[in-house]
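Quick caveat: nothing in here was measured; it's all calculated off a predicted structure.
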Amino acid sequence: MSKIDTSTYDLIKSERKEPKFNMQKGLYGYAKRYKNRKLFFTLFLFGLILSDVMFSIIAFQTRKTWFVIIACVLAIPFARNLIDYFMAFKANPLRQEDYEETVEITNHYDKALYYDISITEEAGVVFVPCLCVYNNNIIAYTPDVKLAKEREKIKKYIDMVNSAEEDRNYRIFVTEKISTFDKEISKLKNRSDETAEKDEETLGKLLSMGF
């Protein structure tokens, strides 16, 4: 699997200060907000393009006007938003009851969890509903992924953070069971300030690898 460009880490840090409309990556509900935003802009741009072309035809009885050129220019962001929407269409966040169980794990072990993580690559996209990055471990929870083969695929995508740098060697574990996820989180030992900084950087790289 090819290495992915993780140079957008600084951009991810800046995105954490964006308005609520653009919702911070890693929060529960990000995927739903992202899809809704892309759908809104897709429909809005489609409406503008259609209105622009119709105005040209009705007002000038021809499509050979500057208005049609404007419509062609608008087709570029329309296509981009449409593609982004389709990429995120199959992203299935945790159900509310599953999310509440993960919140209990966070409160019990005092370990931060991150949600709605996507990783894109030339071969496709994988979606991780919940994961923990802590002390050189990445523990992922994927309740809807029942097949071991599919979980192995997710593991390989996450492993791209290791291949990005030679000194990065995170243990990656993917499970579909909340009990196993809980058990793995309970095993995590306290980390040093240096490791905490490395975890923060690794999380940033994970967030930069998807939509």
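Here the closest heavy-atom approach between residue K25 and residue L207 is recorded as NZ-O, 3.0 Å. V126 approaches K153 most closely through the heavy-atom pair CG1-CE, 4.0 Å. Pairing each heavy atom of P129 with each of P143, the nearest pair is CG-CD, 4.3 Å. Annotation for L188 and C132: closest pair CD1-SG, 3.9 Å, computed over non-hydrogen atoms. Closest approach of Y157 and V125 over heavy atoms only: OH-N, 4.4 Å. When all heavy atoms are compared, the tightest approach of I49 to A71 is CG1-O, 3.9 Å.
Inter-residue side-chain proximity for F173 and I138 is flagged as unmet; no heavy-atom pair is nearer than 4.5 Å. A heavy-atom distance below 4.5 Å is found between the side chains of D182 and Y109. Taking 4.5 Å as the limit, every side-chain heavy atom of K111 sits out of range of all side-chain heavy atoms of I105. With a 4.5 Å cut-off on side-chain heavy atoms, S118 and V128 do not count as touching.
Evaluation of the side-chain hydrogen bond (donor to acceptor under 3.5 Å, both in side chains) rule for E176 yields R151 as partners, not counting sequence neighbours. Considering only residues two or more places apart in sequence or on other chains, F86 meets the ring pair (Phe, Tyr, Trp, His ring centres under 6.0 Å) condition with none of them. In this structure, K32 has no side-chain hydrogen bond (donor to acceptor under 3.5 Å, both in side chains) partners at least two apart in sequence or on a different chain.
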Full working for ring-ring contact (aromatic ring centres under 6.0 Å, His included) between Y34 and F211: CA-CA 8 Å; Y34 180 89; F211 53 78; 4.8 Å; yes
D199 vs R191, side-chain contact (heavy atoms from CB on, under 4.5 Å): CA-CA, chis, key distance, verdict: CA-CA 10 Å; D199 287 344; R191 61 189 179 184; 2.8 Å; yes
CA sep, side-chain torsions, deciding dist, call: Y85, K35, side-chain contact (heavy atoms from CB on, under 4.5 Å): CA-CA 6 Å; Y85 175 74; K35 286 191 288 186; 4.3 Å; yes
From CA spacing to verdict: side-chain contact (heavy atoms from CB on, under 4.5 Å), E201, R168: CA-CA 11 Å; E201 181 182 347; R168 199 179 305 278; 3.3 Å; yes
side-chain contact (heavy atoms from CB on, under 4.5 Å) between Y114 and C130, intermediate numbers included: CA-CA 6 Å; Y114 304 93; C130 177; over 6 Å; no
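Note that the CG atom of L82 and the CZ atom of R80 stand 12.0 Å from one another [nearest 0.5 Å]. In this structure, CE on M87 lies 5.0 Å from OG1 on T120, to the nearest 0.5 angstrom. Put simply, CD on E101 and OG on S179 are 9.5 Å apart, with the number rounded to the nearest 0.5 Å. For the atom pair OG (S186) and NE2 (H108), the distance works out to 9.0 Å, reported to the nearest 0.5 Å. For the atom pair CG (N162) and CE (M160), the distance works out to 11.0 Å, reported to the nearest 0.5 Å. For the atom pair CG (L131) and CD1 (I158), the distance works out to 6.0 Å, reported to the nearest 0.5 Å.
The 12-atom threshold is exceeded at CD of Q96, counting heavy atoms of other residues, nucleotides or ligands nearer than 6.0 Å. At most 12 non-hydrogen atoms from other residues, nucleotides or ligands lie less than 6.0 angstrom from CG of D110. For K146, the NZ atom sits in a packed shell: over 12 heavy atoms of surrounding residues, nucleotides or ligands are nearer than 6.0 Å. Counting non-hydrogen atoms of other residues, nucleotides and ligands closer than 6.0 Å to CZ of F46 gives a total of 12 or fewer.
No hydrogens or angles considered: nothing links the side chains of Y141 and T102 as a donor-acceptor pair under 3.5 Å. Neither side chain, D84 nor N81, offers a donor N or O lying under 3.5 Å from an acceptor on the other.
Across N190, T195, L113, a single residue satisfies side-chain contact (heavy atoms from CB on, under 4.5 Å) together with Y134, and that is N190.
One finds a salt bridge joining R171 and E184 here, because a Lys/Arg side-chain nitrogen approaches an Asp/Glu carboxylate oxygen to under 4.0 Å. Contact check on D159 versus K156 returns no salt bridge, with no Lys/Arg side-chain nitrogen under 4.0 Å from an Asp/Glu carboxylate oxygen.
One hydrophobic cluster holds both V103 and I178 under the rule that ILVMFWY side chains link at heavy-atom gaps under 4.5 Å. Cluster membership check: I76 does not share its hydrophobic cluster with L50, using side-chain heavy-atom separations under 4.5 Å among Ile, Leu, Val, Met, Phe, Trp and Tyr. Residues V73 and L48 do not share a hydrophobic cluster, defined by chaining ILVMFWY side chains whose heavy atoms lie under 4.5 Å apart.
A donor-acceptor distance shorter than 3.5 angstrom exists from the side chain of N137 to the backbone of N135, with no hydrogens or angles considered. At least one donor-acceptor pair closer than 3.5 Å links the side chain of Y28 to the backbone N or O of L94. The backbone N or O of D144 lies less than 3.5 Å from no partner atom in the side chain of T142, so there is not a single donor-acceptor pair. At distances below 3.5 Å, at least one donor-acceptor pair connects side-chain atoms of D116 with backbone N or O atoms of G29. At distances below 3.5 Å, not a single donor-acceptor pair connects side-chain atoms of K183 with backbone N or O atoms of F181. Without hydrogens or angle criteria, N136 side chain to Y170 main chain gives no donor-acceptor distance under 3.5 Å.
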